[in-house]
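The next block holds one structure in the form of structure tokens; read it before the comments.
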Amino acid sequence: MKTSAKTSSELAKILFEIGYFDEMTGVPFKPRAYQLASELVAALGNEIKDAWRKGGIKALKDMPGIGQSIAEKIDEFFRTGKVRAYQEMKKKFPVDIWSLSKIEGLGPKHISDLYKYLKVKTLADLKKALASHKVRTIPHWGEKSEEKLQRGLGLMERSSGRWLLGNVLPIADEIVSTLSKVKGVKRCVYAGSLRRKLETVGDIDLLATASDPEKVTDAFTKLTMVESIHEKGKTRSSVRLTIGIDADLRVVPDTVFGATLQYFTGDKRHNVLLRELALSKGYTLNEYGLFRLKSKDGEHKRGALIVCKTEEEIYKKLGMDTPPPELRVGGEEMDAAREHRLPNLIPYGSVRGDLQVQTNWTDGSSSIEEMALAAKKSGLSFMAVTDHTKALAFVGGLDDNGVARQGKEIDNLNKKLRGFTILKGTECDILRDGSLDLSDKALAKLDWVGVSIHSLFNLPRKQQTARIVKALSNPNVDCFFHPTCRRIGKREAIDFDMDEVLATAKKYRVAMEIDCYPDRSDLRDAHVKMAVKAGIKLVIDTDAHSPEHFRFISLGEAIARRGWATKSDILNTRTAKNLIGYLRKKR
DNA sequence: GCCGTTTTCGGCCCGACTGTTTTCAGTCG
């Protein structure tokens with residue numbers, strides 16, 4: 001059976017290809033509409049089908065970027081599994097646009113030419129055409145463009161595309177630190193999806209201001225971690241690092257830092273909306289500043305520079321507050337910033353304790369004491385020990401007796417430790433029927449009860465939802481750990497009705513977890529936003545299995561920020577004492 | 001094709017770099 005995640009990705013592909021075909025044939029404006037819709041569908045995943053199930057075409061049209069025509073196509077897709085307009089397009093142009101367009105440097109015009117002159121329809125066709133050196137015979141193509149295409153193809157086959165934020169941040173920090181030491185460099189920061197703290201990033205975007213741009217660019221392209229140089233210009237250069245990710249550097253005068261940082265932070269849609277807003281107010285915006293727009297004989301020309309030194313002054317001039325980078329997606333943050341109702345996002349460094357920690361009682365690497373000391377060292381003042389339960393036999397999960405024995409060790413440690421509190425907890429397995437893997441009596445004795453799913457990921461949606469709802473209804477349960485069970489790049493999210501689960505969490509005052517172990521990032525930003533809107537408390541946990549994992553906390557704070565969460569939405573920003581009081585009262 | 005604190009019609013972001021060119025098209029971010 002197909003999962004609905006697959007279904008929504010198929011739909012995203014269809015919308016993408018329709019738009020891409022229009023772009024090839026020179027149809028104006030439609031491509032952008034389809035592209036936006038495709039991105040929206042991909043980002044929503046299961047939820048697009050949920051919305052359609054509940055509200056049909058009308059619910060689809062309520063979404064930003066979806067109007068009558070695209071809503072009808074989505075409706076047709078969910079009803080029949082097909083989109084007629086798409087099939088007709090495919091008859092005219094039977095090309096695997098989706099795959100070919102993923103090749104770096106290969107755009108709509110070239111894909112069109114490849115089919116027109118060489119009948120290239122697939123990646124396999126393209127390989128043949130390259131091998132026989134026919135590509136260079138296409139008008140306006142030459143030896144170099146053929147080589148570039150060959151490189152792009154090889155690259156795509158080798159790399160998976162996106163990288164986990166947690167893995168890339170340390171590398172970006174290292175580059176920033178190195179370039180900052182180059183003589184004449186005034187400022188050097190990372191921008192792009194890194195600054196927006198997206199869960200995965202496609203590349204490393206860097207921005208520097210310097211008196212001598214060439215010096216920085218040289219230092220950048222000569223970094224030991226650079227494998228090859230894509231391009232090197234006066235203000236922009238781009239390289240591939242040995243680990244396989246690309247890094248881009250922009251160098252501008254210090255006086256325009258704010259405008260360039262704004263531009264280079266994105267995201268793309270946010271910038272497009274901002275520039276449209278600028279136009280409507282008689283300005284034009286680019287990476288060098290906000291300029292007055294002069295109109296002469298119907299022609300618009302750039303006039304005097306207004307502001308460019310900081311991001312804040314640009315947004316202010318456009319009548320907005322400055323959205324934190326994590327909120328810049330080209331959506332709701334635009335109106336919120338105009339209406340001065342941006343949320344007061346949870347500041348980095350707010351989390352005081354980690355409420356999901358595994359030890360060597362099960363599959364963690366270290367003792368309870370070692371984990372506690374590491375947590376304390378990384379600035380935390382409490383943690384909950386949450387080892388697995390017996391259903392996870394292969395890690396030696398604990399039963400009622402095991403949990404009780406562990407509790408005694410924790411009591412002893414708490415007498416010994418100063419300025420740090422260990423809560424007795426569990427990561428209790430949710431069994432097939434929604435019952436829990438420890439007895440209610442054992443659970444009731446614990447300070448902190450998290451429940452989670454580690455089996456039967458593919459139950460039918462209805463059954464999976466019922467299973468979770470039953471588990472969360474147990475009065476001993478405090479938190480739902482890594483709710484969707486996804487592993488980025490490894491495992492799809494399990495299928496359940498998020499609205500119903502959130503309603504249950506609300507009813508029984510169960511917190512939802514933001515598990516910030518990098519490949520989990522679960523809940524993800526969009527789900528956090530749903531939970532915050534519903535008034536459900538959240539916790540940020542690292543799911544640490546060894547002492548160095550506590551550094552992931554800031555990744556979880558980033559997810560919370562992307563989900564519009566404030567400090568009061570997150571339970572473990574409280575002190576241990578306050579949290580324990582809250583939990584007692586709740587039960 | 002979408003959208004509306006100028007608009008239900010008439011708008012729709014902007015610049016750098018590359019390659020193949022004699023002034024620009026294609027791609028990217």
Side-chain angles (χ1 to χ4, degrees), chain A residues 15 18-24 26-38 40 60-74 85 101 103-114 135-136 138-149 151-152 191-193 196 201-207 213 217 229-238 246-252 256 259-260 262-291 293 300 302 319-320 330 334-335 338-339:
Chain A
L15 295 173
I18 293 176
Y20 210 88
F21 182 72
D22 280 340
E23 201 170 344
M24 276 178 202
V27 179
F29 309 114
K30 275 200 206 180
R32 182 178 156 196
Y34 276 105
Q35 196 193 338
L36 287 174
S38 167
L40 179 74
L60 295 171
K61 277 175 70 182
D62 283 343
M63 298 182 177
I66 295 183
Q68 186 65 34
S69 174
I70 291 182
E72 280 173 9
K73 290 186 176 70
I74 296 175
S101 67
I103 299 173
E104 178 95 17
L106 185 57
K109 295 294 193 293
H110 287 161
I111 291 179
S112 175
D113 279 353
L114 282 167
V135 171
R136 63 180 71 174
I138 300 174
H140 303 288
W141 286 60
E143 217 171 302
K144 279 193 172 175
S145 25
E146 188 178 274
E147 281 167 17
K148 193 179 162 198
L149 185 54
R151 278 200 306 277
S193 46
R196 301 197 312 277
V201 299
D203 59 8
I204 298 174
D205 293 321
L206 299 150
L207 168 61
T217 306
I229 300 170
H230 296 308
E231 58 182 47
K232 192 178 170 187
K234 275 187 204 130
T235 65
R236 214 176 79 186
S237 44
S238 173
D246 282 348
D248 300 337
L249 173 70
R250 280 246 165 170
V251 189
V252 295
V256 301
T260 311
Q262 193 290 316
Y263 156 78
F264 214 15
T265 297
D267 78 349
K268 196 171 170 181
R269 200 178 313 174
H270 176 89
N271 282 357
V272 168
L273 291 175
L274 201 65
R275 287 174 192 180
E276 284 176 356
L277 180 67
L279 276 183
S280 75
K281 290 184 180 278
Y283 303 108
T284 177
L285 177 65
N286 63 29
E287 57 260 59
Y288 301 110
L290 185 69
F291 299 84
L293 201 59
H300 293 305
R302 189 189 307 170
M320 299 167 69
M334 299 299 289
D335 284 338
R338 262 199 299 265
E339 293 157 16

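Residue numbers start from 1 in every chain, and the chains themselves are labelled A, B, ... in the order their sequence lines are given, proteins ahead of strands.
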Counting C-beta onward and ignoring hydrogens, is there a side-chain heavy-atom pair between A:Arg338 and A:Leu277 closer than 4.5 Å?
yes
Once you apply a heavy-atom cut-off of 4.0 Å, does A:Leu273 come out as touching a base, just sugar-phosphate, or nothing?
nothing
Under 4.0 Å from any heavy atom of chain A: name the first and the last nucleotide of DNA chain B that qualifies, 5' to 3'.
B:dG1 to B:dG29
With heavy atoms under 4.0 Å as the rule, sort A:Leu279 into base, sugar-phosphate or nothing.
sugar-phosphate
According to ring-ring contact (aromatic ring centres under 6.0 Å, His included), who are the partners of A:Tyr20, at least two apart in sequence or on a separate chain?
A:Phe16
Determine the Euclidean distance between corresponding P atoms of B:dT21 and B:dC17; express it in Å to zero decimal places.
22 Å
What's A:Pro108 touching, base or sugar-phosphate or nothing? Going by heavy atoms closer than 4.0 Å.
sugar-phosphate
Reckon A:Lys268 touches a base, only the sugar-phosphate, or nothing at all at heavy-atom distances under 4.0 Å?
base
Want to settle it: does A:Glu287 or A:Gly107 sit nearer the 5' end of DNA chain B, counting the closest nucleotide to each?
A:Glu287
Using the C1' atom as the reference point in each nucleotide, state the distance between B:dG4 and B:dT8 in Å, no decimals.
8 Å
Please give the distance between the C1' atoms of B:dT23 and B:dG19 as a whole number of Å.
14 Å
Taking ring-ring contact (aromatic ring centres under 6.0 Å, His included) as the definition, give me every residue that meets it alongside A:Phe21, ordered by chain and number, with sequence neighbours left out.
A:Phe93
Contact nearer the 5' end of DNA chain B, comparing A:Tyr34 with A:Arg275:
A:Tyr34
Contact class for A:Lys148 vs. all strands (heavy atom < 4.0 Å): base, sugar-phosphate, or nothing?
nothing
Taking the C1' atom of each, how far is B:dC12 from B:dT6, in whole Å?
15 Å
Between CG of A:Asn271 and CG of A:Leu285, what distance do you get to the nearest 0.5 Å?
7.5 Å
Counterpart base for B:dC24, defined by Watson-Crick or G-U wobble contacts under 3.5 Å:
B:dG19
So what does A:Arg338 hit on the nucleic acid, given a heavy-atom distance under 4.0 Å: a base, only sugar-phosphate, or nothing?
nothing
Pairwise C1' distance for B:dT20 and B:dG26, with rounding to whole Å
11 Å
Does A:Pro64 reach a base, just sugar-phosphate, or nothing at all? Heavy atoms under 4.0 Å.
sugar-phosphate
Just to be sure I understand the rule, does A:Lys109 reach a base, reach only the sugar-phosphate, or reach nothing, if contact means heavy atoms closer than 4.0 Å?
sugar-phosphate
With sequence neighbours left out, write down each residue that passes side-chain contact (heavy atoms from CB on, under 4.5 Å) with A:Pro213, or none if nothing qualifies.
A:Val251
Provide the full list of salt bridge (Lys or Arg N to Asp or Glu O under 4.0 Å) pairs with a residue in residues 272-287 of chain A, sequence neighbours left out, each pair given once.
A:Arg32-A:Glu276, A:Arg250-A:Glu287
What nucleic acid atoms does A:Ser238 come within less than 4.0 Å of, heavy atoms only: base, sugar-phosphate, or nothing?
nothing
Are more than 12 heavy atoms, taken from residues, nucleotides or ligands other than A:Glu339, located less than 6.0 Å from that residue's CD atom?
yes
Residues that A:Asp203 engages under side chain to side chain donor-acceptor pair (under 3.5 Å), provided they are two or more places apart:
none
With rounding to whole Å, what would you report as the distance between B:dT27 and B:dC13 at their C1' atoms?
16 Å
So A:Glu143, base contact, sugar-phosphate only, or nothing? Heavy-atom distance under 4.0 Å.
sugar-phosphate
Could you measure between the two C1' atoms, the one in B:dC3 and the one in B:dT7, and give it in whole Å?
9 Å
Just checking A:Leu274: base, sugar-phosphate only, or nothing, at a heavy-atom cut-off of under 4.0 Å?
nothing
